[in-house]
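Quick notes on the structure that follows.
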Amino acid sequence: MTLDTARQRLESAIAQFGPRAAPMIDLVMNEVRSDMGAQAFNELVDEFDLELEYNIAPLESDYSNS
């Protein structure tokens, strides 16, 4: 999966299911984490406000931003 593909899938799930999109978003985000790692996962969490809207928190990495 590419980051662009993930964005398209997230946009589609959110547009189609709105507040009920969480299960589909989880599937996409698990695939993102597996294929591209924590940095890509966190980028999408920020870009789509997934933490606020769907309670999907960013992943902690070995090099945290704290």
Side-chain angles (χ1 to χ4, degrees):
M1 175 184 296
T2 67
L3 208 49
D4 286 336
T5 301
R7 282 186 181 101
Q8 290 171 351
R9 289 175 61 188
L10 289 171
E11 288 170 356
S12 177
I14 292 167
Q16 190 170 8
F17 297 102
R20 296 185 184 146
M24 286 68 71
I25 291 171
D26 279 339
L27 290 173
V28 173
M29 295 304 285
N30 285 334
E31 196 172 334
V32 166
R33 184 184 66 229
S34 175
D35 291 354
M36 294 180 276
Q39 184 175 359
F41 183 98
N42 292 343
E43 183 178 328
L44 292 173
V45 168
D46 289 342
E47 184 176 335
F48 287 92
D49 290 326
L50 297 180
E51 186 170 19
L52 179 63
E53 298 292 328
Y54 297 97
N55 203 28
I56 298 173
L59 298 173
E60 300 219 4
S61 66
D62 293 337
Y63 304 103
S64 68
N65 293 339
S66 34

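We number each residue from 1, following the sequence as shown. Keep in mind it's a predicted model, so treat the numbers as computed, not measured.
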task: Kindly give the heavy-atom pair with the smallest separation between V45 and I56, and that separation in Å.
output: CG1-O, 3.5 Å
- prompt: With a 4.5 Å limit on heavy-atom distance, are the side chains of F41 and L50 in contact?
  reply: no
field: Spacing of CD belonging to E51 relative to CG belonging to D46, to within rounding of 0.5 Å
entry: 8.0 Å
message: Listing request: all side chain to side chain donor-acceptor pair (under 3.5 Å) pairs with a residue in residues 22-39, at least two apart in sequence or in separate chains.
response: R9-E31, N30-R33
task: Could you pull out the closest heavy-atom pair between R20 and P23, with the gap in Å?
output: O-CD, 3.4 Å
- line: Tracing side-chain contacts under 4.5 Å among Ile, Leu, Val, Met, Phe, Trp and Tyr outward from F17 reaches M24
- prompt: Could you state the interatomic distance from CD (E47) to CG (N42), rounded to the nearest 0.5 Å?
  reply: 12.5 Å
field: Y54 OH to M29 CE distance, which is reported to the nearest 0.5 Å
entry: 12.5 Å
field: Shared hydrophobic cluster for L27 and L44 (ILVMFWY, side-chain gaps under 4.5 Å)
entry: no
- prompt: Considering all heavy atoms of both residues, which atom of A6 and which atom of V28 are nearest to each other, and what is their separation?
  reply: O-CG1, 4.0 Å
- prompt: Do you know the tightest heavy-atom contact between A13 and A21?
  reply: O-CB, 3.5 Å
Nearest-0.5 Å distance, CD of residue E11 to CZ of residue F48: 4.5 Å
